[in-house]
Amino acid sequence: MSKQREQKRPLTTTDAGIPAPSDEYSLTAGPDGPVLLQDAYLNEKLAHFVRERVPDRVYHVKGGGAFGYFEVTADVTQWTKAAFLNKVGKRTPMLVRFSSVAGEEGYPDTDRDVRGFALKFYTEEGNYDMVGNDTPVFFMRDPMKFPDFIHSQERMPDTGLRSNNMQWDYWTLSPESAHQVMILMSDRGTPRTWRNMNGYSSSTYMWENAAGKKFWVKYHFKTEQSIQNFTDAEARAMRAEDLDYHRRDLWEAIARKDYPSWRLEMQIMPYEDAANYRFNPFDITKVWPHKDYPTIPIGRMVLDHNPENFFAQIVQAGFEVANFVPGIGPSPDRMVLGRMSAYGDSIRYRNGVNSDQLPVNRPLNEVHNYNKDGQMRFRHNGNQPVYAPNSYGGPRADPQRYHDPSWFVEAGEIMRSAYRPHAEDNDFVQPGTLYRQVMSPTDRDHLVGNIVWHLSQGVERFIQERAVKSYLSPIDPDLGARVAKGLGLEIMAEATASVGKVRRK
Ligand code: NDP
């Protein structure tokens with residue numbers, strides 16, 4: 001180190017700012033004697049060290065992210081009054097966190113999994129968070145099943161190992177998962193990089209314009225780097241080469257100024273269409289076919305700077321499904337409604353009740369309310385009253401200007417029930433369309449190979465049979481027959497092949 005640099009080095013201090021006694025040696029009784037309990041600096045250093053981890057997210061643990069901006073490219077004021085979308089050319093700072101779902105920190109990035117696509121827009125009317133995925137659908141449509149699903153993807157209680165048997169057992173007993181499993185088992189389940197995948201809101205949300213007119217919307221962030229996937233073999237080879245391949249790729253691309261970008265395209269459904277649309281538009285296991293609701297390009301997201309500190313800005317980043325800004329709201333999608341309470345709860349569990357005061361989570365505008373105290377609180381508004389109503393100039397809500405986004409509910413008796421089915425609601429129709437009309441012959445070959453391999457890794461025969469008979473064959477008899485053949489279930493291969501003739505692209 002140069003003499004000049006040496007002179008500029010700051011002094012090591014304790015966390016209280018007191019000059020530290022040594023970077024090297026503990027306080028001992030003589031050079032060979034015991035370490036003394038009175039070494040307060042050593043105690044502080046070790047105590048801090050053992051508390052370095054905050055609780056992990058329960059899922060979506062392994063991830064990475066970057067900052068950037070969103071730019072409006074089309075006038076959307078006819079559909080929403082959201083201030084950050086109110087002018088073509090307007091830019092809003094953003095944070096994006098990509099992640100895998102099932103693996104822990106340290107897990108290989110390229111393993112087959114759905115990828116999280118969590119967005120935070122730092123708008124002038126507060127933070128707008130959207131917690132999407134790289135798939136347009138999801139495994140279930142009711143939050144009651146969410147913990148069970150996640151448990152089935154994680155580790156066995158006895159061995160501590162992940163289990164394909166557990167995954168297929170859960171999936172094949174939950175037919176609404178078929179659409180998502182088809183995408184997961186296709187090459188889209190192993191994206192080449194985070195830059196080469198799309199992001200979807202998956203859920204349906206509400207937009208409301210300045211006149212109070214409401215629309216149902218779905219967000220599609222289309223990669224401008226093109227969709228690129230690994231084959232199963234390539235993805236598995238990469239886990240041996242580089243566990244952090246996706247995290248590294250994003251960081252390096254931004255560091256070399258090759259800024260990744262996504263075009264935001266919206267599907268917009270008039271409010272009145274929902275009641276009688278052929279599919280339940282709030283069922284997250286289904287898409288809205290493009291020919292019914294074509295996508296409309298409205299903006300562009302660019303990631304152009306890396307975090308300076310991974311823990312402070314990526315690990316501690318909290319994304320709250322309930323963080324909507326005026327002009328945007330939830331829909332009757334039960335998964336959105338369930339996630340609106342669970343995500344805030346998770347952040348409070350991980351970071352504490354004052355998580356929103358951390359720099360990465362803090363909104364750009366000022367916060368005023370009557371919440372007070374709690375662990376690690378450092379924001380205060382001086383001697384502001386801590387109750388409402390008050391006579392001392394405390395903050396005041398304006399219900400005339402800001403109201404909860406709402407929809408008409410034709411309520412019946414309180415009950416536990418499935419959604420009322422729409423005319424074409426069926427768990428196998430849309431995955432069947434994907435197989436027959438969207439996938440190329442190569443996509444289908446890879447899908448079959450991936451499923452056969454996955455079902456061959458420790459899955460019991462009765463679950464393999466159930467997968468072929470009551471899960472894959474109803475999607476498409478040809479798919480069932482090919483998987484049966486690949487698994488050596490010959491009798492079933494004949495049975496499924498005779499179910500029906502298959503329409504090809
Ligand atoms: P379209 O032919 O209009 O759209 C099909 C879409 O599928 C494409 O635009 C593309 O969306 C996506 N896609 C293309 N190749 C694959 C693949 N190998 N694996 C997964 N998705 C792929 O038909 P529809 O809108 O009527 O949808 C037909 C089926 O396509 C659906 O049942 C669904 O399975 C799938 N799909 C539909 C989407 C939608 O929002 N309508 C979105 C994604 C998939 P993208 O540009 O988003 O990649």
Side-chain angles (χ1 to χ4, degrees), residues 112-115 117 132-139 141 175-205 216-232 235 261-269 273 277-301 331 333 422-451 471-472 474-476 479 502-505:
R112 182 170 304 286
D113 205 346
V114 170
R115 299 313 190 278
F117 199 98
N133 280 324
D134 70 332
T135 60
V137 292
F138 201 58
F139 295 94
R141 55 174 83 96
E176 73 271 29
S177 66
H179 199 179
Q180 176 78 321
V181 169
M182 284 286 281
I183 297 174
L184 175 64
M185 289 294 146
S186 79
D187 285 347
R188 288 204 178 193
T190 48
R192 179 174 287 273
T193 74
W194 291 330
R195 296 180 298 127
N196 293 113
M197 63 189 200
N198 289 342
Y200 304 87
S201 63
S202 317
S203 281
T204 297
Y205 292 99
W216 305 115
V217 298
K218 281 182 184 284
Y219 297 63
H220 301 246
F221 287 86
K222 301 285 185 85
T223 173
E224 293 186 326
Q225 290 66 242
S226 80
I227 298 252
Q228 287 180 35
N229 301 309
F230 278 137
T231 62
D232 199 53
S261 58
W262 286 259
R263 199 174 51 258
L264 173 56
E265 300 183 0
M266 301 296 297
Q267 284 186 294
I268 301 177
M269 175 186 287
D273 285 15
Y277 182 51
R278 58 197 179 110
F279 300 107
N280 176 352
F282 308 116
D283 175 355
I284 191 179
T285 70
K286 308 215 165 44
V287 296
W288 300 351
H290 290 128
K291 75 171 164 30
D292 293 350
Y293 297 98
T295 56
I296 303 167
I298 70 133
R300 191 160 174 264
M301 173 176 97
S331 79
D333 176 342
H422 286 220
E424 294 180 34
D425 276 342
N426 170 311
D427 292 325
F428 301 114
V429 166
Q430 292 196 355
T433 308
L434 176 65
Y435 185 74
R436 288 185 291 276
Q437 292 173 25
V438 176
M439 287 185 167
S440 67
T442 307
D443 290 335
R444 282 194 287 263
D445 289 349
H446 288 194
L447 173 77
V448 169
N450 295 343
I451 294 177
Y471 197 74
L472 301 172
I475 294 172
D476 190 283
L479 173 63
V502 184
R503 187 154 56 94
R504 287 274 167 283
K505 203 176 186 181

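One-based numbering, in listed order, for ligands and for the atoms of each. Note that this is a predicted model, so its numbers are computed, not measured.
- Using bins of under 30°, 30° to 60° and over 60° for the plane-to-plane angle, the ring pair His220/His290 lands in the tilted bin.
- Between Val287 and His179 there is a side-chain heavy-atom pair separated by less than 4.5 Å.
- Taking the six-membered ring where tryptophan is involved, the planes of Tyr277 and Phe279 are perpendicular, since the angle between them exceeds 60° and thus also 30°.
- In this view, Tyr471 satisfies the ring-ring contact (aromatic ring centres under 6.0 Å, His included) rule with no residue, not counting sequence neighbours.
- Within 4.0 Å of ligand 1, the residues that place a heavy atom are Pro136, His179, Arg188, Asn198, Tyr200, His220, Lys222, Gln267, Val287, Trp288, Pro289, His290, Gln430, Thr433, Leu434, Val438, Asp443, listed by chain and number.
- Nearest heavy atoms, Asp333 versus Thr204: OD2-N, 3.6 Å.
- Heavy atoms only, all atoms of each residue included: Phe230 and Pro191 are closest at CD1-O, 4.0 Å.
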